[in-house]
Every structure is written in structure tokens, then in C-alpha cells.
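Taking it in order: structure first as C-alpha cells, then the write-up.
Naming convention: chains lettered A, B, ... in sequence-line order (proteins, then strands); numbering from 1 in each chain.
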There are 4 protein chains.
Amino acid sequence: MPKIDGYLTKEKILNVAEKLFSEVGYDAASISTISKLAGINKATIYFHFKNKQSVLHELFFNMIEQMENRLLPVEESGLNLKDKLRKEIDFLREKKDIISILLMESIKTNTRDDSLFQIAYSEIYNKKSRLTELANSKKNLFLAHEFFTGFIPILNFVVLEDKYRNFFKLDEESVIDNFIDVIIKSHYNTHII
Amino acid sequence: MPKIDGYLTKEKILNVAEKLFSEVGYDAASISTISKLAGINKATIYFHFKNKQSVLHELFFNMIEQMENRLLPVEESGLNLKDKLRKEIDFLREKKDIISILLMESIKTNTRDDSLFQIAYSEIYNKKSRLTELANSKKNLFLAHEFFTGFIPILNFVVLEDKYRNFFKLDEESVIDNFIDVIIKSHYNTHII
Amino acid sequence: MPKIDGYLTKEKILNVAEKLFSEVGYDAASISTISKLAGINKATIYFHFKNKQSVLHELFFNMIEQMENRLLPVEESGLNLKDKLRKEIDFLREKKDIISILLMESIKTNTRDDSLFQIAYSEIYNKKSRLTELANSKKNLFLAHEFFTGFIPILNFVVLEDKYRNFFKLDEESVIDNFIDVIIKSHYNTHII
Amino acid sequence: MPKIDGYLTKEKILNVAEKLFSEVGYDAASISTISKLAGINKATIYFHFKNKQSVLHELFFNMIEQMENRLLPVEESGLNLKDKLRKEIDFLREKKDIISILLMESIKTNTRDDSLFQIAYSEIYNKKSRLTELANSKKNLFLAHEFFTGFIPILNFVVLEDKYRNFFKLDEESVIDNFIDVIIKSHYNTHII
DNA sequence: CATGAATGAGATTTCATTCAT
DNA sequence: GATGAATGAAATCTCATTCAT
């Protein structure tokens, strides 16, 4: 391995780790395997990262940052809701791996990591900046609506799409089309504000 | 029949494993820890189970069986939708641990386990037995509706409830009440059939 | 390896560890090497001991216990001082390994282990039970005398004897004889009480 | 000439290493830690030193050189024994770290390093140059006296002083005063020649 | 002179699993 | 049914050392 560009090595590690974590879960993914897949020495991972946890943290941190800084396609002009949603879902599909990890880690009872909620927070408050003006009771209802009938179904769709399709023997296009139809009818058409 | 804390040893193992798996995930939970928490010898676990995997399988199997055989409160007479839902959610809350495990394992890309979908299938087909009579296109739309706007949000609510409440600093009763309100409006009131 | 008598295995580990620690120091002695020398599997050490530190602790603990419970030959009747001392030194020579470890570990500035002082305490107070009756100023002088001109020289003799002999090209018997002569003249003949 | 905190880099490395070695022992002190404490890059250490061992060797070499070249305060005129001893001990106290390392390394059975004895040799022969004139039997007795009842207790005092004081809950001044008293009575007043 | 990046070897420790009793 | 003892494999992480820049 050329001792040239530490930045590239670090990127490589993060990419490989993201993929592997999503495939087998954080705990079942070993540093050994990551190093082999990245084509580098095990110890090199510890040159770039304090420990295994910090690889995960950096993945989460990068994800949170990206989500906070992006322009929401929902707010883009000139597109109808269906097309906007399709664009958003395609965007998230590219992030399927890190979303899988995020969901898995959030579910563990013992975790103190709240990256999932941080992302949800920024997504939801991005969308409706007037949210803060609402009365508390309404605000919490709105939050529940956004989180449990919008955010969660969409992330789960991205993550479970393939298995859903395989189990129920459906074809690819109909699955995404159907999902967009039902999420519009159930979530977007029933918005409170 | 030797018992530990009133449970048969095998049941004790299953209970402890279920709790630990949900806390730290299947991979981070060791047979050693399970045996210590159950107050038995490590080797005893291997008397009752072929290996670690089969402890998980038995948990999943039991869960699937229970879900298939239960009477859906939704179909019970005399209760309005809100109360029925509340009953159903309370039932699922008691199964929070196994549901957590189920969700975590389903998300792993590499898993071939489809217990989550088996349960979804039986839940959804239980509810609407006439589903099979529908035309294919309608059927798939219905399936997407049930799975992604009903089943998934409800399971995720059960599993994420506490963390959601803590992160957004909400009080317990309002969280469940709000969830029931929004799931009714988004899922139940928008049923296709 | 026969899975028969865990007690023997533990003893074997302690013996091997004691020897190796004294040869190369605690930190340079690896669990791997210990296991190989003991003819057992590395993991077996962790069945009998919590971790590497606890192997050291158990060695120290055993040493402290032995020292506290032994009858001091110095108090034995019928022997003159020279013979008593010779007996005592021969007793300590058999414990050369653990004494080496004890001294090395005591010297480390960062150590919080005070096994050396615990042993010194019990040795010194054993010898002169009337010590407690002394006035404080005398007591401390007595302590300094016992510790720095008796205990420390003797332990260091046991530990450095061979190297001292080799460096100065002396023969074995003259070294021990000379040491006994000088320790009697300097320490025992100058006792305060 | 690049300096760190006013020291040349090499000196800085030696100072940091000396301190760390004395705190945790040679083996537990890593080049990594030394470089961090010195505020330099790990590789820089390998520019100034062949390897880790040679850092230790240079520390020992410097110490030996210093000890060989110093004027012994014991021989200074105008001071009584007590004051001379106090001066000597204060001199050695400043070398506490390197003395700790020296002692620890000397105790290891496997070590072939004899720096401790080299220093002892030059100290003892410095003091009494007419030593060589003595008959062999007397010489060896004298050597044993100097080494085991003078040199060793003094070095051990310097190294164990703090721990001795803490364990027996003594105050600083009384400890050094008492030590000087007892070493005079036991060692200096019992000189053979 | 000094550094960032890398590595092979090996450290401690834990894993799932086995087996004689 | 249950256990103490053991193990091979693999986990995470650290080590001393190297080298291109």
C-alpha cells in the first residue's frame, strides 16, 4: 500500500465499514474483516480511528451533518408531490447502508446513541419551520405524525424494500410505486398543519 | 423438574436471552452473559439448545406461533377503534423485547431470516381474509398500506417509545395518546378496503 | 490436557507465572508465554483468573499470607544468631522469585500496590510485639532501622545475590557468609531496643 | 537547533522517557506514550535513537558517567557526617527516577545489564581507593558491607521514601532524619576499615 | 530534523462450543 | 439435567519499528 494519502485511506475504511455494518450489524462486523475488505492492515484502522466505536460514531456524525445541510427536495418548486417523494426516496436509497445501521443501533435498549432522533429532529423542523409557533398539544401531535407516520415508514421502506419484495414476490417498480401511493394517502394527505 | 426463580431452566434461558438480545443485540450478547444472568452453567444452555442461533430461532418461533394463534382485539366486538388499538398496543408492548430483536435482525442485509415478514403476513391476512379475493394490483396496494403505514409504525412505536419520549421530553400518557390519534388518522381512516 | 483437576491447573499457572514474572518482569511476561510454559491453553488462564493483573495479585496475596502465618526462626530457641539468620535467608531464597516481583512492582512510582509494606509491617511487628509500647519518636526510629537496614538489605541480598557474585567474581559460600557477617554487625548489633 | 520547552529534542526524549520508565517500568512504557508526552512524533525518537533499548542504555550510560565523575560529598571537608550524608541523599533524590529504573531492571533475573553494579563499583572504590590493598578476604567483607548495608539501603530509601512515608503515615522530615540516623549507626559506625 | 502513514507481530481478552463427570 | 474445566479461534487493540516525504 502506498503511504501517500491518509485521507483516502480513511474514506476507504469508512466506506467498507458502512457496508459491512449494514450487512451483518455493528457487533458481528470485525475490524479484521474491515481491514481485509479495505485492503489495508488492521493497525492502520487504529491509526485513523481511536477504536471500533469511533468508526461508527464518525459514520453517524457524517450522516447527521449531511442530513442537516441538505436542501429538502420536498420544498423544491415545479415538482408534484409524487415526483418530490420519489426524489427524496431515491436520495435515501443511496444512504440505505447507514440508515440500516442507524435503525439497528437505535433499537438496542441499552444504547445511549440518539442519532436517529437527531436526524428526525432536523428533518421535521426543517420541513415545517413554523412548527415552533404551534401550541404544545398541537406540536406534539404534529411531531408524532411526522415521526411515526412519515419518517419511520420511509426509512423502513428504504431498508426493508428488498426483503419485502422478495418475501411477497413483487416486482421492483410496483413496490416503490405502491409505497409512494400509500405514504401520500396516509401521511401527506392527513397532515394536521 | 428443576426450576430457577419458578421457571423451568429452558424458559429461564429464553427469558434472559430475550431481554439481553433486546438490550445489546444478538451478536453482542454472549452465552456466557446469558448463563450468568440466568444463574446457571454455560454448558447447561447447550443441553437445552443446539447452539446460540437456535436460542434466537426458538424465540422467533415462539413469537410467530403466538402471533398466529391470537385473536385480534381489533375484531373484538363492543370496543371502539381507539380502545381496540390501545389494547393491541398494550399487548405488543409486553412483547417489546422480542419485537426489538425481530426488527434488528430483519434489517441486517445479510440475514435470510424472514420472521418479521411471516408475522406481518399472518397479521395482515388475519385481519382481512377476503384479501385473497382482491385483484392483484389492489392486493399489493393494500399490502403496502398495511405493512408500511400500519404494521411498521406500530412495531416501531412499541420499540422506540421510550427513547422518543426521552429525546423530545414528553410525558408517557401523551405519547401513547398522540400515537393512537395519528395512527388512526393516517392508517385506519385511509384504508382502501 | 485432562479435564480433571482445576486446582492443579491453577497452581501450575501460578508457579509458571511467578517464575516468568521474576525473569522478565510482569509487563514483559505475556499470558501467551505463561500458557505455553504451563502446557495449557491461553483461555484456560482466563477461566481461573479474571485477568493478568489478578494472577499477580493472587501471587502477592499468597505471599503475604505465608509471611504472616510463618513462625519466625529468629525467635526459635537453641540456635545462635548466625544460624538463625542463615535459616531465615534460606527460607527467603526459596521465595526469591516472588520477592523479585514484589520489589520490582513496589519501585514503580505509579503503583498503588503496597504488598511490600504489608509484608514488612507484619515481619517487623511480629518480631517485636512490644513495639507498640514505644514512644512515637522511638517507634519511628525503630521502624526505619528495621525496614531500611534489615528488611530491605536482606530482600535485596536474596534477589541480587547471583548477579553480585558474578559481577564481583566471588564464590557462592563466601557471599552468603560475608553477607551474614555484615548484616549482623550493621543491623542486629545496632538494635535500638 | 530546534527546542521543545527549552530542551533539545533528544534531551526532551530522555527526560520524558526517564520519568515514564520510573512510573510504569521500562516494558509498560511505550514509545508512543513517550512521543506524546514529549510533544513530538514517534518517528523522531527513531531518528535520535536506534531503538527503545538504546533509550534505556543512554539513560544508564549517562547515569554511570555522572556517578563516576562526581566528587563525593562524603570526602568534602568542613561538614560533619550527618550533613555530608544529607547532601549525598539530596543529590541522589534528584536522580530518583533513573535509580528506580536501574533497580527494577537489575532485579529481573534474565537481564544481563549490570549498570547497578558498575555504579556501585565506582562509588565504593571511589570512597576507599586503598581498598585494593586489602587482603582478599577482608576486601570481600568490606564490599559486602558497602554494597548491602550502605549502597542498597540508600538507593532503596530514595526510591521507596514516599511510599514508606504514606504507608506508615509519617511526616516528610522525620523520615529522612530517621533514615540518616539509622544508616549512620548501622553502616557508617560499623565500618571495618 | 521531523512527520504522517503504515505495518507485522503480538498483546490481552472473549467467543461459542465441548466433554468428562 | 447440570457443571467445572478446557479449548481453538477470533475479537479488539497496542507494540516497536519503518519509510517516503
Round to a whole Å and report the spacing from [atom1] of [X] to [atom2] of [N].
| X | N | atom1 | atom2 | value |
| --- | --- | --- | --- | --- |
| C:I45 | E:dT13 | CD1 | P | 11 Å |
| C:I34 | F:dA6 | CD1 | P | 16 Å |
| A:K42 | E:dA9 | NZ | C1' | 9 Å |
| B:I31 | E:dC15 | CD1 | C1' | 10 Å |

Could you check whether C:A29 gets within reach of a base, just the sugar-phosphate, or nothing at all, counting any heavy atom under 4.0 Å? sugar-phosphate

At under 4.0 Å between heavy atoms, what does D:S30 touch on the DNA or RNA strands: base, sugar-phosphate, or nothing? sugar-phosphate

Looking only at side-chain atoms of [X], point me to the closest of [options].
| X | options | result |
| --- | --- | --- |
| B:A43 | F:dA5, E:dG10, E:dC19 | E:dC19 |
| A:T9 | E:dA6, E:dT7, E:dT17 | E:dA6 |
| D:F47 | F:dC13, E:dC1, F:dT17 | E:dC1 |

Comparing D:T44 and A:T44 on DNA chain E - which has the more 5′ nearest nucleotide: D:T44

Please determine whether a side-chain nitrogen or oxygen atom of A:Y46 lies at a distance below 4.0 Å from atom OP1 or OP2 of F:dC13. yes

Under 6.0 Å from the ring centre and within 45 degrees of the ring axis: does the NZ or CZ of C:K10 meet both conditions for the six-membered ring of C:F47? no

